[in-house]
Amino acid sequence: MDFEKLADLLFPQVTKKPADIEAEFPPRSLPEGAKVTRFAPSPTGFVHFGGLFPTTVAERLAHQSGGVLYLRIEDTDAKREVPGAAEALIRTLSVYGVNFDEGAILGEDGKVADHGAYGPYKQSLRGPIYHVFAKQLVKEGRAYPCFTTEEELEELGQVNKKEEIKNTDWQAEAEARRAEMLRRRQFTMEEVEANLAVGNPFVLRILADGDPEKKIRFTDLVKGNMEIPENDEDFVLLKSDGIPTYHFAHAVDDHLMGTTHVIRGEEWLPSLAKHLQLFRYLGFKTPKYMHIAQIMRLDEAGNKKKLSKRDMGANMDDYTRMGYCPEAVCEYVMTLLNSNYEEWRMQNPDKSYRDFPFNIKKMSVSGCLFDFRKLDDVSKNVISKMDAKTVADRVTEWALAFDPAFGAALARDPAFTEAIFAIGRGGKKPRKDLATWADAKPYMGFFFDEFFALETTYDETYDRADIRAILEGFLSTYDEADDMNTWFEKVKALGEPLGYTPDMKAYKADPTAYKGSVADVSMFIRLAVTGKLNAPDLYTVMQILGKAQTEDRIQKMLHTLEESK
Ligand code: GLU
């Protein structure tokens with residue numbers, strides 16, 4: 001077979017040679033050790049939590065080493081493309097600290113446009129580039145056309161199904177595949193010419209030289225050393241519309257764009273032999289590969305399951321809706337990515353996660369477990385370190401979007417809102433009440449009359465007359481100008497004559513000797529003022545609420561007690 005002639009027949013329009021293309025994509029001049037990584041999504045939907053993972057790794061490795069992180073849009077499957085998905089994806093990732101240096105990134109008009117010297121960064125615009133390399137492979141007898149039409153292929157599928165090679169009969173299946181492959185490879189130049197003359201479409205297939213009995217040794221930077229069977233499948237490089245498959249496109253692009261590390265999900269591991277073969281055929285240096293394990297979750301029965309697209313927490317937009325702050329999500333991702341992250345965090349409580357020396361060797365080889373409880377713990381820590389103004393502003397912003405009535409209340413008097421969030425903040429042991437912005441309402445909604453509600457009533461065992469006497473006593477002695485100590489002394493004094501001792505030690509030593517303690521007295525007042533048994537420091541709550549509102553709430557409780565007499 002005259003492969004030169006075949007190549008010219010198939011790609012008459014292609015005049016450039018691989019060397020011409022190489023010249024258009026010169027090697028990057030970067031410092032020694034700088035890594036070039038990429039995110040290469042298909043714009044088919046939202047960013048999945050499992051997608052943020054490899055992307056964060058790519059971001060860290062690139063930026064930690066003074067390298068480049070770029071975005072390539074893999075839009076070779078037009079049928080699956082969702083309009084606007086690329087833009088949404090870029091915005092979401094940027095919220096989670098993944099910002100691209102180069103690639104198909106957002107311009108000032110909010111639309112995706114190329115930035116950088118290695119474009120186009122959308123695969124659908126790189127057709128002519130792929131065709132140069134495809135032609136070269138044909139010239140070298142490494143790829144061949146296959147004129148089987150889609151209908152014929154479908155029919156073939158039917159036939160195979162009818163013959164139904166039993167799943168267990170691997171050898172028979174392999175032989176059948178081999179026979180089909182050899183049949184496909186048998187063609188004459190005349191047949192090609194005749195097909196082209198009538199405009200029959202063809203797919204371009206690789207001429208696989210592998211023997212699955214033999215193994216390729218390979219080192220994945222996450223999975224370690226592995227042996228994978230060689231590829232003997234004549235997989236498709238170009239589809240009948242001339243558009244490349246992922247296999248072919250990523251090899252050409254990662255080479256020309258100077259990718260040093262391909263970081264992707266482990267679902268690509270089974271295709272690796274094909275990719276290594278392709279890099280070899282094309283004469284490209286193989287990049288380093290890192291295959292990242294799937295994220296797992298626990299199902300109701302406690303079994304590990306893959307975090308699927310439909311699971312809560314899969315879609316990154318869920319986190320915004322639920323009120324998780326991106327800093328917390330990033331922090332959580334880091335704890336999942338590197339086993340020594342939490343230790344580092346303890347030693348460096350105030351540093352940015354970007355200061356952490358991210359290490360590929362500390363990555364989990366098997367799947368990480370996604371756990372909302374852990375995320376909440378991490379998040380509480382992150383939020384506890386923020387100042388009151390930040391928390392107030394961000395809760396307000398979130399609530400205005402997702403709980404407008406509450407948002408309006410928070411926005412009414414920003415200084416008031418900030419004072420509330422200042423409670424218990426800033427000290428050595430800050431309060432950790434909030435895991436999400438949505439937790440703010442149950443925590444401090446009672447400050448606003450419209451969200452005040454009695455969560456519970458007093459326990460039956462308390463004497464209603466005592467409660468009333470204490471609340472009335474409080475009303476007659478409360479002075480907003482009192483300092484905390486004076487205030488507390490008054491609270492203690494309210495209960496003592498009724499048998500509620502201010503001496504906690506004595507009470508603990510013999511609870512039967514008293515009706516109760518000052519803790520019960522405080523609880524009577526707390527429930528009236530906050531509607532809750534657990535609330536932030538009561539003295540401060542009253543200071544922020546103001547005398548009028550504090551007294552009003554106690555009055556209301558007295559009425560309630562009166563009515564329920
Ligand atoms: N477009 C591929 C995907 O959607 C990219 C895989 C890769 O990163 O190479 O998963």
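Sequential numbering from 1 along the given sequence is applied to the chain's residues. Since we're looking at a predicted model, the values are computed, not measured.
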- Query: Charged N to carboxylate O below 4.0 Å: is that the case for E397 and R394?
  - Reply: no
- Message: Can you tell whether the side chains of K432 and D377 come within less than 4.0 Å, N to carboxylate O?
- Response: no
- Note on the structure: G33 and S65 have their tightest heavy-atom pair at O-CB, 3.6 Å
- With a 4.0 Å cut-off, would you call K380 and D376 a salt bridge? no
- Can we call the ring centroids of Y70 and Y118 under 6.0 Å apart? no
- Could you tell me whether R468 and E472 have a side-chain N and a carboxylate O separated by less than 4.0 Å? no
- Task: Would you confirm whether the ring centroid of W437 sits within less than 6.0 angstrom of the ring centroid of F402?
- Result: no
- Determine whether the aromatic ring centres of Y539 and F488 lie less than 6.0 Å apart. no
- Carboxylate-amine/guanidinium proximity below 4.0 Å for E74 and R126: no
- Between I525 and I554, is a side-chain contact (heavy atoms from CB on, under 4.5 Å) present by the stated rule, with each step listed? CA-CA 7 Å; I525 306 170; I554 292 179; 4.2 Å; yes
- Thinking salt bridges, do D254 and R72 make one under a 4.0 Å N-O criterion? yes
- Message: Ring centres under 6.0 Å, that's the criterion: do F49 and Y96 meet it?
- Response: no
- Note on the structure: Smallest heavy-atom separation, S124 atom then D75 atom, equals OG-OD2, 2.6 Å
- Item | Expected output: side-chain N348 to main-chain K351 donor-acceptor under 3.5 Å | no
- Are the aromatic rings of F474 and F524 close, with centres under 6.0 Å apart? no
- Message: Below 30° counts as parallel, above 60° as perpendicular, anything between as tilted: where do the rings of F448 and F416 land?
- Response: perpendicular
- Task: Answer yes when K111 and D109 have at least one side-chain N-carboxylate O distance shorter than 4.0 Å, and no when they do not.
- Result: no
- Item | Test item: R264 side-chain N/O and P54 main-chain N/O as donor-acceptor pair under 3.5 Å | no
- K385 and E331 ion-paired at < 4.0 Å: no
